[in-house]
There are 2 protein chains.
Amino acid sequence: MPNKLAGDGAGGDSVLMTALKRSTTTDEVRQRLADEILFGQFLPGHRLDEQSLSLRYGVSRTPVREALKQLAVTGLVEARPHKGVVVAEISPEALGLMFEAIADCEAACARHAARRMTATDRQMLADLHVLSHQAVVSGDGERYDAMNREFHALILRGARNSYLADVAQSLRQRVMPFRRAQFRRAERITRSFAEHQRILDAILAQDEDAAARAMRGHVAEAGGASADLLMPGRRSEPVGE
Amino acid sequence: MPNKLAGDGAGGDSVLMTALKRSTTTDEVRQRLADEILFGQFLPGHRLDEQSLSLRYGVSRTPVREALKQLAVTGLVEARPHKGVVVAEISPEALGLMFEAIADCEAACARHAARRMTATDRQMLADLHVLSHQAVVSGDGERYDAMNREFHALILRGARNSYLADVAQSLRQRVMPFRRAQFRRAERITRSFAEHQRILDAILAQDEDAAARAMRGHVAEAGGASADLLMPGRRSEPVGE
DNA sequence: ATATTCCATATTGCATGGAATATCTGCCCG
DNA sequence: CGGGCAGATATTCCATGCAATATGGAATAT
């Protein structure tokens with residue numbers, strides 16, 4: 001269902017639009033587009049043309065166009081001059097490199113987090129980890145996926161370096177469209193949980209090196225699994241040492 | 001001098017415009033704007049309004065506007081809704097965090113480069129380093145600055161991971177407007193050269209850990225020096241261990 | 001039958017005008 | 001004399017029209 005941005009376009013703006021409109025239409029469209037790509041509404045390779053999107057969101061072509069070009073800067077979509085915009089596709093090899101980059105960035109974040117997280121931060125992380133165990137035993141992939149994202153987000157914030165956290169987050173977003181079925185198998189969930197345990201232990205012990213190593217291994221492992229989903233035939237070579 | 005993009009605007013396009021125009025006006029403006037910011041034509045805090053820029057470049061407001069918003073995504077400029085765009089300003093504290101992030105990313109690159117650079121790559125890096133010694137003895141800061149950038153660029157490419165290299169390069173660009181007088185003092189040049197030597201040695205020995213450590217220290221050191229330039233009063237605390 | 005050229009169509013890209021929002025100035029009031 | 005309000009100005013932001021470029025297909029030549 002298309003579902004316009006807000007308001008009916010004919011009469012006055014809806015309360016929603018006017019109430020929380022301290023942002024611009026372009027930003028709204030960009031956020032909405034990013035979400036739809038991240039949640040799999042538009043799959044990699046899907047052509048995103050200005051006109052149909054402007055109809056879909058009930059706005060003119062201009063904000064759609066600007067949003068698309070801005071997303072192209074982030075790498076989530078690919079724009080070729082005079083040839084339109086498509087949801088970015090990543091080859092299996094490139095995906096391996098992306099996971100390597102994510103592993104490096106998040107390992108650095110984990111290192112800083114081990115040093116800089118407050119007691120409250122550590123407590124929150126520990127609580128979340130315990131809570132996620134429910135999703136492990138019930139085998140709820142969706143739920144574990146959300147908690148996995150939150151786990152990583154907490155560590156990124158704990159690093160107390162928004163620039164490093166932003167690049168990690170940005171890279172992580174770019175691979176999201178390729179991790180749809182990440183926790184389909186229960187075995188992947190339990191393995192991820194075990195790795196989270198190692199990361200958490202290292203952070204609680206404030207052991208920088210161990211935290212970095214555990215995080216690097218965790219992300220590399222997840223990367224290998226995702227690569228295997230793309231080309232189930234051959235075995236993925238390990239990345240990130 | 002304003003200096004339009006290309007062509008005279010009145011009659012037909014210039015040869016230059018038509019010849020190497022496989023790109024769009026927006027992209028040209030974005031590149032041009034980024035260059036002018038990076039080379040100090042527009043200092044941090046400078047207001048960038050659509051109209052004067054469109055006059056300056058001899059194009060309409062649309063491509064200028066799109067270029068500005070795209071640069072805002074990279075962080076080189078800051079755009080606030082309905083309040084215009086300014087060249088991004090970075091507080092001394094934030095600058096320290098940025099250098100920390102750069103240190104982490106480039107250290108990771110150096111680690112990969114130590115493993116993946118070909119013999120030819122290593123030779124090129126060694127040659128460049130030797131060549132840069134001329135700039136050291138002559139005290140040519142401009143020249144050494146260019147070679148320093150090339151040195152780091154070679155290592156980023158040597159990592160054979162364009163995603164990691166891109167984030168490092170992107171972060172590096174963002175701090176460039178704050179490093180104008182980086183090699184004003186001869187003492188900074190000699191120190192940088194010595195640190196390059198350590199990095200080079202580690203890479204030639206294919207010693208990952210040493211390469212990462214040397215690079216991290218090198219960038220942190222440069223960051224501390226840049227921070228001192230901003231607030232010459234107090235002593236900068238070391239970042240990135 | 002295949003390849004090539006030319007033309008019709010569709011889409012992107014740029015320019016311009018008008019609506020919405022922020023900023024500035026002068027004035028009024030406390 | 002300082003603070004706040006109202007109007008005027010300037011700028012951003014969105015919509016629309018037209019030009020430029022790419023795409024698909026039919027007709028022609030080999």
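When the C1' atom of dC13(D) is taken as reference, atom CG of D27(A) falls 11 Å away, rounded to whole Å. If you measure from atom CD of E50(A) to atom P of dC14(D), you get 15 Å, rounded to the nearest angstrom. With rounding to whole Å, L53(B) atom CG is found 12 Å from dT11(D) atom P. Distance E66(B) CD to dC14(D) P: 12 Å, rounded to the nearest Å. Separating the CZ atom of R80(B) from the P atom of dC13(D) is a distance of 12 Å, rounded to the nearest angstrom. Atoms CG (L68(B)) and C1' (dT11(D)) sit 13 Å apart, rounded to a whole Å. Between R65(B) atom CZ and dG17(C) atom C1' there is a gap of 14 Å when expressed in whole angstrom units. Computed from coordinates, the L48(B) CG to dT12(D) C1' distance equals 14 Å when rounded to whole Å.
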Name the pairs: protein N/O against N/O of nucleotides 5-10 of chain D, kept only if under 3.5 Å.
none

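Counting only Watson-Crick or G-U wobble pairs whose defining distances are both under 3.5 Å, the stems of 3 or more consecutive pairs in DNA chain D are C:1-30 with D:1-30.
Shown here are the salt bridge (Lys or Arg N to Asp or Glu O under 4.0 Å) partners of R174(B), two or more places apart in sequence or in another chain: there are none.
The side chain of K83(B) places an N or O atom within less than 4.0 Å of a non-bridging phosphate oxygen (OP1 or OP2) of dT23(C). For R47(A) and dT12(C), the shortest distance from a side-chain N or O to OP1 or OP2 is below 4.0 Å. The side chain of R61(B) places no N or O atom within less than 4.0 Å of a non-bridging phosphate oxygen (OP1 or OP2) of dC14(C). The side chain of T26(B) contributes an N or O atom lying less than 4.0 Å from OP1 or OP2 of dC14(C). The shortest distance between the side-chain N/O atoms of S60(B) and the OP1/OP2 oxygens of dA15(C) is below 4.0 Å.
No side-chain N or O of S132(A) forms a donor-acceptor pair with one of Y144(A) less than 3.5 Å apart.
Using cut-offs of 30° and 60° for the angle between ring planes, the H218(B) and H152(B) rings count as parallel.
In terms of position on DNA chain D, the residue among Q51(B) and T62(B) whose nearest nucleotide sits closer to the 5' end is Q51(B).
A salt bridge does not link R30(B) to E66(B): none of the charged nitrogens lies less than 4.0 Å from a carboxylate oxygen. For the pair R111(B) and E100(A), the salt-bridge criterion is not met [side-chain N within less than 4.0 Å of a carboxylate O]. One finds no salt bridge joining E28(B) and R32(B) here, because no Lys/Arg side-chain nitrogen approaches an Asp/Glu carboxylate oxygen to under 4.0 Å. With respect to D121(B) and R160(B), a salt bridge is recorded, a charged nitrogen being found less than 4.0 Å from a carboxylate O. Using a 4.0 Å cut-off between a side-chain N of Lys or Arg and a carboxylate O of Asp or Glu, E78(A) and K83(A) do not qualify as a salt bridge.
Residue H82(B) places its side chain closer to dC13(D) than to any other of dC13(D), dT21(D), dC14(C). In the set dT11(D), dA15(C), dC14(D), the nucleotide with an atom closest to the side chain of V59(B) is dA15(C). Residue T24(A) places its side chain closer to dC14(D) than to any other of dT11(D), dC14(D), dG13(C).
At least one side-chain heavy atom of L171(B) sits under 4.5 Å from a side-chain heavy atom of C105(B).
Counting heavy atoms of neighbouring residues, nucleotides and ligands inside a 6.0 Å radius, atom CZ of R149(A) exceeds 12 of them.
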